[in-house]
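Note that ligands are numbered from 1 as they come in the structure, with each ligand's atoms numbered from 1 the same way. We're numbering straight along the sequence, starting at 1.
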Amino acid sequence: MPSTFTIAIDGPAGAGKGTLARRLADHFHLNLLDTGLTYRAVAHRMLQYGLPLDNASAAETAARQIDLGALDREVLSVHSVGEAASQVAVIPAVRRALVDKQRAFARTPPGAVLDGRDIGTVVCPDADVKLYVTATALVRAQRRLAEIEQRGGAAELAQILADIERRDARDMGREDSPLRPATDAHLLDTSEMDIETAFQAARALVEQALARRNAD
Ligand code: C5P
């Protein structure tokens, strides 16, 4: 029996998967990897050196140099880096390099919660539990606006919604590892759900999987 336990969480930007991943990792004492940060780190490196985002060989080199232990969320969370990340994420060689690192992370005991776009379909197809967390684009845009306003910023809802729809289209429409639910993923629509309710639903699914594994 494998000695690690893996929870795969996928879904579009702003659906609440990051918060859910953190809560599950804390609760079940698992390692945590936000794989979006790995694509953001590649994009950040390209922007820093003024390299075009479609320069596949430079992006692959940057991807191979990413250290999963040194991902600076503060620096990488900037909106423009997220947009650039979805552009380098279409490059197959970048995906291969990052997926290798993500798989090694998942295999490290006691196991991990990984969140992203292709965890249940490509990175960890044998994950013990797969969740696909979603919400309507409008709800996700409203949440993003509330976050910005809470930090004292200002933005236009229509602009945020347009950004979200553009990023969804790029992530779902790309050829390599598009965003889609794994056939065996549990769907969690958080449009009308608060984070506590989503967490309790996910926790119950993980406990069932743990019980099944202990019974084997
Ligand atoms: O989740 P986050 O907004 O940080 O992700 C930034 C971008 O990185 C996504 O829009 C997506 O294009 C890419 N990504 C990906 N596969 C993952 C995680 C993120 O393609 N597993």
Any side-chain donor near an acceptor of the partner, [X] and [Y], under 3.5 Å:
X: T190; Y: R140; value: no
X: R170; Y: S86; value: yes
X: Y39; Y: R117; value: no

Carboxylate-amine/guanidinium proximity below 4.0 Å for [X] and [Y]:
X: R166; Y: D163; answer: yes
X: D67; Y: K101; answer: no
X: D10; Y: K17; answer: no
X: E60; Y: R64; answer: yes
X: R95; Y: D118; answer: yes

- Query: Is it true that R95 lies under 4.0 Å from ligand 1, counting heavy atoms only?
  - Reply: yes
- Contact between Q102 and ligand 1, counting heavy atoms under 4.0 Å?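 Distance cut 4.0 Å: Q102 fails for ligand 1.
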- Walk me through it: do Q200 and R203 pass the test side chain to side chain donor-acceptor pair (under 3.5 Å)? CA-CA 5 Å; Q200 293 305 341; R203 185 179 61 84; 2.8 Å; yes
Is it the side chain, the backbone, both or neither of [X] that has a heavy atom closer than 4.0 Å to ligand 1?
X: R73; answer: neither
X: R40; answer: side chain
X: S86; answer: both

- Query: Considering only heavy atoms of A85, which atoms of ligand 1 have at least one such atom less than 4.0 Å away?
  - Reply: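 In order of numbering, the contacting atoms are 6 (C), 7 (C), 8 (O).
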- Message: Quick check on contacts: which atoms of ligand 1 are under 4.0 angstrom from a heavy atom of A89?
- Response: 12 (O), 13 (C), 20 (O)
Quick check: does [X] get an N/O under 3.5 Å from an N/O on ligand 1?
X: D118; result: yes
X: R117; result: yes
X: D34; result: no

- Message: Can you check which of R170, R167, H79, K17 brings a heavy atom nearest to atom 3 (O) of ligand 1?
- Response: R167
- Message: Minimum distance, heavy atoms only, to atom 19 (C) of ligand 1: which one of G36, A43, G82 is it?
- Response: G36
- Query: Do you know the tightest heavy-atom contact between M46 and L53?
  - Reply: CB-CD2, 3.9 Å
[atom]: nearest protein contact (heavy atom, Å):
atom: atom 12 (O) of ligand 1; answer: D171 OD1, 2.6 Å
atom: atom 18 (C) of ligand 1; answer: T35 OG1, 3.4 Å
atom: atom 8 (O) of ligand 1; answer: Y39 CB, 3.5 Å

